[in-house]
Amino acid sequence: MCQSPLPLGTLLNDTDTDVTFGALHRFLLVCRIRPSNLPEAPAMASTVANDASTDRYHTHEVLNQAMPASGFNAFRGDAVLCAAIEREASWAADRCEALGAVAGDEDVQELARLANRHLPELKTHDRYGNRIDWMEFHPSWHQLMTLAWKHEVPSLAWRTNQKNGHFARAVLSYLWNQVEQGTACPTGMAYAAYAGFEAEPALGIWAEKVKGTDYEFSRREIAEKPSAVVGYAMTEKQGGSDLRETQTTARFSHSADYHGKTAHWYELTGHKWFCSVPQSDGFFTLAKVNGGVTCFFLPRTLPDGRFNRFFVQRLKDKSGNKSNASSEVEFAGTLAIRVGQEGRGIREILSHAHLTRLDFAIGSAGLMRQCLTLAIRHTTTRSAFGTTIADRPMMTNVLADMAVEVEAATLMALRVAKSTDQMANVEHEMLLARVATPAAKYFNCSRAPSIAFEAVQCHGGNGFIEENPMARLYREAPLNSIWEGTSNMMCMDVRRAMLKDPRTIEALFDEVAPLRGQEAHFDAMVDHTRQLVRDGVADEFLARPMTEAVARLLQGAELLRHSPAEVADAFLATRGPASSASWGVHYGTLASPLSQATAQKIMRRAMVEQ
């Protein structure tokens, strides 16, 4: 039966003769009827018929499109990472290279796109009306999680006996944050959770499971699973970052054997305004016991196989981090195991905070690196005005400036990871970590959006289209500066650490003392930071400029130690208080005495070759 876009009667009732003949001619063509008894159609109809015999879509040749950033190794092609691993954890080089290949794999990049295209869905009930409070994900999410667990992104620091396990694990996290950032949330939380499990004997089984490398998406009881996914549920509507304002309450229920250890169970009543990864196997949370904020761990499935009373109200509609489910939850008679002493919950949870903050500093540096890789690939494989875009003098300036910023962010985050490895045994590292960790989290996470913005600029309109990964990174970039403590919270923690223990100030300046006298700009940076620390400790109003100066000082020191002279010189000439290169507020404002040739050298060093 012929299916015409218009009824035949409509075509025949047309009063314009040319249109009538043309329309009827097209109608018969659609129906595959030879119009042998019809008069010749006017020229317009003939033209349409001829068009039907040609390739409608061959209107032009696609030229000068940038090549996709795929088919490379994000570790082997990164001079900064390779040197860092060789220096501190050469035993992990093969692991890093294997994950670097994953980051550059086109099929894995497609998984990242799909996971952010097909978002998680909340299923409060099954088809029979039973409450289940569960999430459905696109298969791409589970494939990504499988890869992350297989490559030890959450677990290497706890699995290895080798030196500098946290450093090596930081490099893996840096690489994974160039794969897909939504899954980087559960990898980071599983990493940090081990500290809480290890400190509480009743959670020994969780300490073992969180080291597992075989990801499993199920609601089986923890003893039956090969690994664990862990979430955190801390923030409430009224309190935000001020955890002292927790309203959720806990009432002692009973003590009982839990996988060979005695666990003290409480019933929780209340809510949490933000709960990420609500499909996790278990959650750290806070509740008040007789007015004192106490830490608890809440298994999703109880020892007898029943599902705990964990009610997911809705999923958050976030502007970025779309693949990862974040939710609002309520507790009503929800069973949880007490972690630590009653009333000591905030202190207990802060023992995890160092690790989550480290992971965010590393993660934002990794995101910045991905933005830089995409910007360089786009501009080096697309031409304009007679050269590649990257070789245009202004673009060279932009890319070199971005490369300097990314290298500085990377080295500072890795320095914090090195402190994490040594802080239990070396007092200097313990004291330095108290200020360096929140400073690095504050600064790297706050700088990531500026790099993402500039990378979009390098792409032009192509970068603002959702088919391009840059659009996703642009939306993702601000998130780490908000989670686990906003910028102001990090600056408050730097200042609080200095007020509580002035030895942290001594440790900061002891860290950079061996470098004094090598470079005039660096010496000026040290003096400037010392004055700001003095003023910032005395006046909270100056906490932000003080913390920024601390971060820049740590970056400058690491660049002097580990980077080529042109990179360190460019940083110190533009980022310090006595800058001579007239650096502006945007990238691409490197100026004399830095030359275009030096900028090209910096840019090309940052390339990740296929």
Side-chain angles (χ1 to χ4, degrees), residues 149 152 154-161 165 186 189-216 218-234 248-270 272 275 277 279-290 292-310 331 333-356 424:
W149 257 248
E152 302 176 283
S155 60
L156 178 61
W158 313 119
R159 291 173 56 83
T160 185
N161 303 334
M189 290 195 294
Y191 164 60
Y194 183 86
F197 295 144
E198 193 178 36
E200 175 54 54
L203 300 177
I205 188 171
W206 289 86
E208 286 304 311
K209 296 296 182 176
V210 84
K211 294 191 293 184
T213 58
D214 294 324
Y215 166 75
E216 180 184 293
S218 76
R219 301 185 72 168
R220 294 199 297 166
E221 205 274 331
I222 191 60
E224 301 173 1
K225 299 194 69 170
S227 64
V229 177
V230 182
Y232 283 73
M234 302 292 171
T248 298
T249 59
R251 180 176 60 85
F252 178 74
S253 172
H254 64 283
S255 296
D257 178 82
Y258 184 68
H259 299 293
K261 302 291 183 180
T262 299
H264 305 295
W265 293 87
Y266 289 63
E267 287 189 4
L268 275 54
T269 302
K272 297 297 170 180
C275 173
V277 198
Q279 74 278 10
S280 295
D281 298 303
F283 303 85
F284 281 100
T285 192
L286 296 174
K288 283 185 175 178
V289 180
N290 299 321
V293 178
T294 304
C295 182
F296 293 92
F297 185 74
L298 187 163
R300 197 75 196 276
T301 302
L302 297 171
D304 60 6
R306 289 180 299 123
F307 297 153
N308 209 342
R309 295 174 61 81
F310 181 88
F331 306 145
T334 308
L335 289 171
I337 299 169
R338 193 188 74 214
V339 181
Q341 300 175 17
E342 290 185 0
R344 307 273 290 179
I346 294 178
R347 179 182 292 272
E348 180 66 37
I349 211 65
L350 286 177
S351 68
H352 313 196
H354 171 81
L355 299 175
T356 56

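- The salt bridge (Lys or Arg N to Asp or Glu O under 4.0 Å) test applied to Arg159 returns Glu152, not counting sequence neighbours.
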Taking it one step at a time, do Glu221 and His259 satisfy side-chain hydrogen bond (donor to acceptor under 3.5 Å, both in side chains)? CA-CA 11 Å; Glu221 205 274 331; His259 299 293; 2.9 Å; yes
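- Looking at Phe310 and Cys275, their side chains come closer than 4.5 Å, going by heavy atoms from C-beta outward.
- Every pair passing salt bridge (Lys or Arg N to Asp or Glu O under 4.0 Å) that includes a residue from residues 252-269 is listed here, sequence neighbours excluded: Arg251-Glu267.
- Put simply, the side chain of Phe284 reaches to within 4.5 Å of the side chain of Met234, judged on heavy atoms.
- Of the inter-residue distances, the one linking Phe252 atom CZ with Glu342 atom CD reads 9.0 Å to the nearest 0.5 angstrom.
- Residues forming a side chain to side chain donor-acceptor pair (under 3.5 Å) with Thr248 (at least two apart in sequence, or on another chain): Glu236.
- Under the 30°/60° scheme for interplanar angles, the aromatic rings of His254 and Trp265 are found to lie parallel.
- Lys272 is listed as a side-chain neighbour of Leu286, based on a closest heavy-atom distance under 4.5 Å.
- Taking Arg219 as the reference, nothing meets the salt bridge (Lys or Arg N to Asp or Glu O under 4.0 Å) condition, with sequence neighbours excluded.
- Note: Trp158 and Tyr194 have parallel aromatic rings, judged against thresholds of 30 and 60 degrees for the angle between ring planes.
- With sequence neighbours excluded, no residue forms a side chain to side chain donor-acceptor pair (under 3.5 Å) with Arg347.
- For Lys209, there are no salt bridge (Lys or Arg N to Asp or Glu O under 4.0 Å) partners at least two apart in sequence or on another chain.
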